[in-house]
Amino acid sequence: MSHVLVLNSGSSSIKYQLLDMGKGAPVASGVVERIGEGQSVLTHKVPGDAPGATARKHERREACPDHEAGLKAVLDAFTTAGPDLDGIELAAVGHRVVHGGARFGGAVLVNDEVEHAIEELAPLAPLHNPANLAGIQGARKAFPNVPQVAVFDTAFHQTLPPAAYTYAVPAPWRTEHKVRRYGFHGTSHAYVSRRAAAILGQDPADTNVIVLHLGNGASATAIEGGRSVETSMGLTPLEGLVMGTRSGDVDPSLHAYLARNAGMSAAEVDTALNKQSGVLALAGANDMREVWRMVDEGDEGARLAVDVYCHRLRKYIGAYYAVLGRVDALVFTAGVGENDERVRAGAVTGLDRLGLRIDPAKNESLERGTDQVISPDGAEIPVMVIPTNEELEIAVQSLDLLNR
């Protein structure tokens, strides 16, 4: 039993991959979008039989009113376009769950108690945990005899020391309302930091890495000896770096200020900071490719957006260097980190004294989809680009749990 089905159930989507862990590669992948929004769209892909061969693509449009219907559409796609799951003995179904609170520090086998805990933690991730739970419940019905494993985005950061995760707020907030730093993107940070250690030829337990996960959501993590010791996202994914539509760090009094002076409710401010801020608010677009096009045309708002974005990155790199004391590698990953050479260059500009430099030729001729070092030969600290693979990490953690 070498196959693991990985499900990532979002608020209106289900992303999935079927991985052959003997080969460490997907044998099918896809997504159901617009669940509960009238007509849903399913895209199912099966890799070509030979290296470089074109993947087979299957599309289907139908109404999926909920995640149970969405999962049924996924299973139908496997039957129609392959590979047929009836002919595959699944080792596990691995589920991405955004918030595990302080309770879950690793992957767990799903049972009724775990389901209840995920539901109880929904106030900490109201858009994500209910959707994650819906995917789990549907999969337990569809695969009643297959182990279901929950892998939490927050779990990797449960190694944060109290000095890093504690907010200086009243005790009832911390005890009764569980207010603390949790961190996110943990599955990605775990995978990428281990890959960095492998590239360096070092044991992860002896390796200190700063990982920048830069997508529409973005986070930085300081990893000491394979353990997260500081991370930029906090109680929610809003804190930290400037993101596509999220502000990142702002003055905590902003809500009260806008309530007094603009008549805005807490909910209105929260929505604006999460969905109408970040690069979008400064440039008028949140796709960095479009933002750079605007910069090249002389748009001042776009130029300000990338300046603010990169300034925040440098600020966090310097802070995490101080936290770690010794840095063995700086790693870029996720959509922007892997594909935007100008952001990578901007993030390390002026950090030569810290031993951080990028070779422009390596940075600009990067072969996408591969692990590469983009710092000059002999650099004091290697700067790397490592494509993240959260689905593979979920599958690995699922099998590790079952083997234990």
Side-chain angles (χ1 to χ4, degrees), residues 3-19 26-47 55-100 108-153 187 216-217 275 390-391 394-395 398:
H3 287 75
V4 177
L5 178 63
V6 175
L7 298 178
N8 180 354
S9 300
S11 57
S12 61
S13 67
I14 300 175
K15 297 178 183 177
Y16 60 92
Q17 275 196 22
L18 176 65
L19 294 111
V27 294
S29 62
V31 60
V32 186
E33 300 174 287
R34 300 181 63 190
I35 293 174
E37 299 177 13
Q39 188 180 65
S40 303
V41 181
L42 179 145
T43 304
H44 181 89
K45 296 180 181 179
V46 180
R56 301 197 311 274
K57 188 175 179 180
H58 168 77
E59 291 188 351
R60 178 173 171 178
R61 297 173 183 270
E62 63 177 277
C64 293
D66 52 33
H67 284 74
E68 186 172 352
L71 183 57
K72 182 180 183 303
V74 170
L75 300 180
D76 289 345
F78 276 105
T79 301
T80 302
D84 192 343
L85 292 178
D86 288 339
I88 295 174
E89 194 170 1
L90 291 174
V93 179
H95 299 269
R96 177 194 179 223
V97 181
V98 166
H99 220 305
V108 295
L109 278 171
V110 175
N111 55 25
D112 293 345
E113 182 183 356
V114 170
E115 279 196 12
H116 182 63
I118 293 170
E119 186 174 21
E120 282 189 327
L121 290 164
L124 292 171
L127 296 179
H128 297 93
N129 270 36
N132 302 154
L133 181 58
I136 289 172
Q137 293 170 333
R140 290 184 77 187
K141 290 179 182 178
F143 303 101
N145 299 315
V146 178
Q148 310 281 324
V149 179
V151 177
F152 299 88
D153 275 8
T187 308
N216 197 47
K275 298 182 178 180
E390 293 171 277
E391 290 79 11
I394 290 170
S398 297

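This is a predicted model, so every value here is computed, not measured.
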### Task
Could you tell me whether the side chain of F152 reaches within less than 4.5 Å of the side chain of V108, counting heavy atoms only?
yes
### Query
Mind checking whether L124 and N129 have side chains closer than 4.5 Å, heavy atoms only?
no
Please confirm whether the backbone N or O of [Y] pairs with a side-chain atom of [X], one donor and one acceptor, at under 3.5 Å?
{"X": "N132", "Y": "S9", "result": "yes"}
{"X": "N8", "Y": "K15", "result": "no"}
{"X": "H67", "Y": "I136", "result": "no"}
{"X": "S12", "Y": "R34", "result": "no"}

### Message
Does anything in residues 129-142 form a salt bridge (charged side-chain N to carboxylate O under 4.0 Å, His left out)? List the pairs, not counting sequence neighbours.
### Response
E68-K141, D112-R140, E115-R140
### Query
Under the salt bridge (charged side-chain N to carboxylate O under 4.0 Å, His left out) rule, what pairs show up with a residue in residues 70-80, not counting sequence neighbours?
R60-D76, K72-D76
### Message
Checking E120 now: which residues fulfil salt bridge (Lys or Arg N to Asp or Glu O under 4.0 Å) with it, not counting sequence neighbours?
### Response
none
### Query
Can you name the closest pair of heavy atoms from I35 and G70 and give their distance?
CD1-CA, 4.4 Å
### Task
Return the set of residues passing ring-ring contact (aromatic ring centres under 6.0 Å, His included) with F143 (not counting sequence neighbours), or none when no residue passes.
none
### Query
Which residues satisfy the side chain to side chain donor-acceptor pair (under 3.5 Å) test with E391, sequence neighbours excluded?
none
### Query
V97 and side-chain contact (heavy atoms from CB on, under 4.5 Å): which partner among D153, I394, I118, V151?
I118
### Task
With sequence neighbours excluded, tell me which residues meet side chain to side chain contact (heavy atoms under 4.5 Å, CB included) with S29.
Q17, K45
